[in-house]
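The shown structure was predicted, so the numbers you read here are calculated from the model rather than taken from an experiment.
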Amino acid sequence: MDRDTKILVVIMVVLLITSISFAYYRFFITKDYEIVIPEDTQEQEEDLGQ
């Protein structure tokens with residue numbers, strides 16, 4: 001392989017590893033994310049419902 005092909009292969013491998021690591025982080029680490037509604041918003045919603 002010539003020099004340019006080796007550089008291209010290295011860049012592609014780095015991009016692949018980076019994308020896999022970001023996908024792993026997003027799927028496993030942020031999986032238990034919960035949206036907490038503040039109490040002020042809940043009271044306003046109850047007033048609108050009446």
Side-chain angles (χ1 to χ4, degrees):
M1 289 195 299
D2 61 339
R3 185 173 180 264
D4 292 337
T5 306
K6 287 181 182 180
I7 291 173
L8 182 63
V9 168
V10 168
I11 290 173
M12 295 301 284
V13 168
V14 168
L15 288 175
L16 181 67
I17 292 172
T18 304
S19 64
I20 290 172
S21 64
F22 280 133
Y24 172 82
Y25 174 77
R26 184 174 181 185
F27 182 74
F28 289 106
I29 298 178
T30 61
K31 189 175 182 179
D32 297 328
Y33 183 78
E34 294 181 9
I35 298 174
V36 178
I37 300 174
E39 293 180 11
D40 298 343
T41 307
Q42 290 177 349
E43 291 174 1
Q44 291 174 357
E45 290 176 356
E46 290 173 1
D47 291 341
L48 293 174
Q50 293 177 353

With sequence neighbours left out, what residues match [X] under side chain to side chain contact (heavy atoms under 4.5 Å, CB included)?
X: D2; answer: D4, T5
X: I11; answer: I7, L15
X: S19; answer: L16

Membership question, hydrophobic clusters at under 4.5 Å side-chain separation (ILVMFWY): are M12 and I20 in the same one?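 No, no single cluster joins them.
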
Through direct or indirect side-chain contacts below 4.5 angstrom among Ile, Leu, Val, Met, Phe, Trp and Tyr, which residues connect to F22?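 Members besides F22: none; it forms no cluster.
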
